[in-house]
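Quick caveat, the model's predicted, so the values are computed rather than measured.
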Amino acid sequence: MNYLEELNEAQRNAVENTDGPSLVIAGAGSGKTRVLTYRIAHLLKQGARPGSILSLTFTNKAAREMKERIASIVGQQTARYLWMGTFHSIFARILRTESEVLGYPSNFTIYDTADSKSLLKAIIKEFKLDDKTYKPNVVSSRISAAKNSLITPAAYAQNAQVREYDMSIRMPRIAEIYKEYARRCFLAGAMDFDDLLLKTNILFRDHKDILKKYQERFDYVLVDEYQDTNFAQYLIVKNLAATHKNLCVVGDDAQSIYSFRGARIENILNFQKDYPEHQVYKLEQNYRSTQTIVNAANSIIQKNKRQLPKTVYSENDQGNKIKVFSALTDNEEGYLVANEISETRMRQHYKYADYAILYRTNAQSRIFEEALRKRNIPYKIYGGLSFYQRKEIKDLLSYFRLVINPKDNEALKRIINYPARGIGATTLSKLEQAALDNGVSIFEIIEQSGTNNHAALNKGLLSKVQQFVALILQFQEKAVLNDAYEMASEIATQTNIIKDLYKDQTPEGLSRFENIQELLNGIQEFSINAREEGQPNLLANYMEDVALLTDQDSEKEEDMDKVTLMTVHSSKGLEFKNVFIVGVEENLFPSSQFGNITPEAFEEERRLFYVALTRAEENAYLSFAKQRYRWGKLDFCNPSRFITEVDEQYLDMPDEADFNFDELPTEGQAIQKQSFGKTGTVGRRPTTTDQPGMKQKLVQLRQAKQRSQNFDGDDPRDIQTGMMVEHQRFGKGKVLQVEGSFPNLKATVFFQNAGQKQLLLKFAKLKIV
DNA sequence: CTCACAAGCGTTTTT
DNA sequence: CGCTTGTGAG
């Protein structure tokens with residue numbers, strides 16, 4: 001039992017008391033993962049069957065890491081039978097087993113956000129609604145929110161509250177759209193992300209025998225990051241744990257930052273009421289950070305009203321104060337950060353991997369990429385476009401999807417004319433209409449078109465679409481025999497996708513080609529692994545959870561010693577010796593431009609700040625710029641009010657007090673009650689330029705920008721064909737051609753690293769080397 | 001139907 | 001700026 005000796009008292013209690021409902025409140029850096037893994041290992045050592053333990057996480061990465069750690073204690077053979085994974089992957093698995101009673105095929109497709117938006121767009125168009133009023137993004141988030149709160153289309157139509165809200169945003173027909181969307185998903189044999197949870201709940205609600213089976217199967221249920229569960233997840237957990245009551249939830253209310261996707265902090269706040277016979281374990285000692293960082297983070301979070309009482313403390317060194325960088329421009333901010341990294345790395349012998357730059361939105365990464373590149377500092381970026389979202393990958397995956405589930409209309413629409421087969425938009429919409437009229441899938445319409453030409457296609461088109469169907473049918477036959485890799489590469493070649501991409505010798509084309517190769521390699525790996533483990537290795541098996549994979553699931557060797565750039569959200573659960581929290585401006589922390597900030601949202605911004613700070617082990621930095629470019633427009637910014645909320649004694653403010661914090665609006669000014677009656681809704685912040693003193697500064701700032709602009713690139717008129725030039729982001733390259741007349745000079749440049757680019761010189765600043 | 005160019009719009013955060 | 005969508009000629 002030596003692993004128990006590695007734990008402090010609170011941790012050991014949480015590990016050893018395995019029966020009944022338990023709430024583990026795990027402060028930042030308090031060894032949460034250790035408790036969770038040891039608790040499961042402990043259960044196994046006590047004789048629990050691995051198949052009777054269900055443990056739910058939010059990311060694949062967390063699940064995988066935990067599984068590895070448990071395997072290293074109890075052995076691979078035991079660990080592999082644990083039910084461990086994300087909510088979505090576990091319940092997708094259960095839904096595939098039980099799909100029949102819901103009327104779904106077991107090989108149902110999982111629509112990703114792009115698929116469901118494309119379907120919504122089509123529906124909005126069919127309803128003859130204006131897509132400027134009915135923005136697919138907004139409709140999609142309304143439907144998603146409904147699903148997360150377990151509101152079915154029928155319930156939605158009856159629910160006065162949501163209907164009233166829909167009226168207020170002038171979208172009264174969302175209920176109908178929702179209903180149609182659900183119907184079409186069902187017809188296509190598809191579920192979206194939210195359906196995986198909604199349908200699980202429906203399954204458990206309507207089929208008590210099935211619920212009972214799983215209730216009895218899972219003697220122990222563990223949930224990680226419980227503060228991030230939404231209502232659908234909450235109810236699933238509650239149902240599954242109802243028989244044995246051995247539910248252990250682990251989380252930290254101070255790190256609840258996902259309300260935008262339906263997470264309810266109430267779930268953890270109310271746990272003790274929900275389970276009166278519960279035990280509470282508080283993990284309060286932080287092993288990660290210096291005292292300064294822990295105390296500073298506490299000083300922000302303590303201003304929040306809704307939270308569970310706890311005192312997180314550190315017994316590590318006191319450490320350095322949190323350094324605040326106040327930059328004049330966004331470029332200067334990047335420079336300051338890059339500079340600090342170079343300097344401290346040399347002085348303190350840090351590795352690059354000891355540094356992280358955290359920002360609010362992915363779009364903010366650019367400035368720092370540029371600054372790091374200039375100094376030759378290696379970096380890696382998380383987020384942005386995922387591998388599985390790339391066009392070429394989605395195209396090939398769509399072929400796989402259609403082969404496995406021919407009713408998958410979204411997949412069909414994507415590839416019926418890729419590579420080009422002469423089947424254009426008009427033909428496709430005829431087919432779609434015919435499918436709708438007959439209540440079948442597009443594929444079925446084409447399949448029957450020999451005997452029954454519903455879409456009234458002419459001879460030429462008829463033969464084209466039938467060729468397409470024959471191709472897919474031929475794959476379908478083979479797909480039940482061949483392994484995933486054979487099948488995938490056959491599809492990739494026979495459809496001419498490989499040829500098509502190979503033809504394209506531009507750098508972008510090459511990278512697309514490589515991506516396809518990488519995907520095929522991944523599938524090969526899957527095939528081999530599955531065969532070795534005696535698992536089925538058909539293409540359908542590979543496709544089962546590919547929709548639930550994200551980029552962060554594949555860390556490569558080459559990414560070893562690099563500075564990490566990521567959003568605060570995706571940094572949760574990670575730690576770095578040095579953390580830069582950048583872009584800490586009033587309109588980013590919190591972001592005010594997206595309508596009203598409720599007090600709840602405001603508290604969440606504080607928690608976001610808290611999460612960011614507590615990633616740091618040794619040094620934390622805050623930086624902001626007073627002006628920055630967004631969408632090509634100049635913005636003037638105030639530093640975030642949250643900086644002033646940090647207890648001063650922990651801050652190392654810049655010497656030149658060139659920024660007057662007194663100008664910051666006070667809470668009363670900043671949060672004005674809106675007049676239109678909604679209680680608790682607070683107003684939009686006044687814009688920065690409206691604030692006193694800002695107008696005079698405007699001139700100074702503009703001049704500074706002018707200077708930095710001149711400094712950065714050479715005069716466009718000096719750029720000539722044949723010159724070697726340097727671009728901020730693309731690096732060095734050769735000018736192939738210059739055309740147009742000043743100021744609208746255009747240059748074609750071939751960059752060594754980024755390939756050929758067309759640049760508008762007044763925007764893309766080039767330096768002559 | 002396909003390609004090339006023009007216009008317009010956007011940026012939380014993610015399974 | 002950079003990406004997606006719309007429009008018009010071939």
ring-ring contact (aromatic ring centres under 6.0 Å, His included) filter on A/Tyr418, not counting sequence neighbours, yields none
Given B/dT15, B/dG10, B/dT11, the nucleotide with the shortest approach to the side chain of A/Lys135: B/dG10
Does the side-chain ring of A/Phe260 lie flat on the base of B/dT13, meaning centres under 5.5 Å and planes less than 30 degrees apart? yes
Please report the distance, rounded to the nearest Å, between OH in A/Tyr382 and P in B/dT12. 24 Å
Tightest non-hydrogen contact, residues A/Leu519 and A/Tyr388, listed as CD1-CE2, 4.4 Å
Pick base, sugar-phosphate or nothing for A/Ser89, based on heavy-atom distances below 4.0 Å to the nucleic acid. nothing
Listed by chain and number, what are the ring-ring contact (aromatic ring centres under 6.0 Å, His included) partners of A/Phe108, not counting sequence neighbours? none
Anything under 3.5 Å between a protein N or O and an N or O of nucleotides 4-7 of chain C, put it in a table, one pair a line.
from: C/dT5; atom 1: OP1; to: A/Lys121; atom 2: NZ; distance (Å): 2.6

Please tell me which of the listed nucleotides, B/dT11, B/dT14, B/dT15, lies nearest to the side chain of A/Ala363? B/dT11
Starting from P on B/dT14, measure out to CG on A/Asn362 and report it in whole angstrom. 6 Å
Among all residues two or more places apart in sequence or in another chain, which pass the salt bridge (charged side-chain N to carboxylate O under 4.0 Å, His left out) test with A/Arg264? none
Tell me every residue that passes salt bridge (charged side-chain N to carboxylate O under 4.0 Å, His left out) with A/Glu432, counting only those two or more places apart in sequence or in another chain. A/Lys413
Could you go over nucleotides 8-10 of chain C and give all protein N or O partners under 3.5 Å, atom names and distances?
none

I need the CD-P distance between A/Glu225 and B/dT14, as an integer number of Å. 14 Å
Do the two ring centres, one from A/Phe260 and one from A/His569, sit under 6.0 Å apart? yes
Would you indicate what A/Phe193 reaches in the nucleic acid, counting non-hydrogen atoms under 4.0 angstrom: base, sugar-phosphate, or nothing? base
Whole-Å distance between B/dT13 P and A/Ile381 CD1? 13 Å
Calculate, to the nearest 0.5 Å, the distance between atoms OH and CG belonging to A/Tyr542 and A/Leu397 respectively. 6.5 Å
Could you work out, with salt bridge (charged side-chain N to carboxylate O under 4.0 Å, His left out) as the rule, every residue matching A/Lys394, not counting sequence neighbours? A/Asp112, A/Asp115
Rounded to whole angstrom units, what separation is found between the NZ atom of A/Lys572 and the P atom of B/dT14? 12 Å
Counterpart residues, ring-ring contact (aromatic ring centres under 6.0 Å, His included), relative to A/Phe127 (two or more places apart): none
Between B/dT15, B/dT14, B/dT11, spot the one nearest the side chain of A/Thr86, thanks. B/dT15
Could you go over nucleotides 2-4 of chain B and give all protein N or O partners under 3.5 Å, atom names and distances?
from: B/dT2; atom 1: OP1; to: A/Gly422; atom 2: N; distance (Å): 3.2
from: B/dT2; atom 1: OP2; to: A/Asn417; atom 2: ND2; distance (Å): 3.2

Scan A/Tyr258 against the nucleic acid and name what it touches under 4.0 Å (heavy atoms): base, sugar-phosphate only, or nothing. sugar-phosphate
For A/Phe58, all residues meeting ring-ring contact (aromatic ring centres under 6.0 Å, His included), sequence neighbours excluded: A/Phe87
Could you work out, with salt bridge (charged side-chain N to carboxylate O under 4.0 Å, His left out) as the rule, every residue matching A/Glu392, not counting sequence neighbours? none
Selection from B/dC1, B/dT11, B/dT14 that lies nearest to any side-chain heavy atom of A/Thr426: B/dC1
Holding to side-chain contact (heavy atoms from CB on, under 4.5 Å), I want the full list of residues that pass it with A/Lys67, two or more places apart in sequence or in another chain. A/Met84
Would you mind telling me which of B/dT12, C/dG2, B/dT15 lies closest to the side-chain atoms of A/Thr361? B/dT12
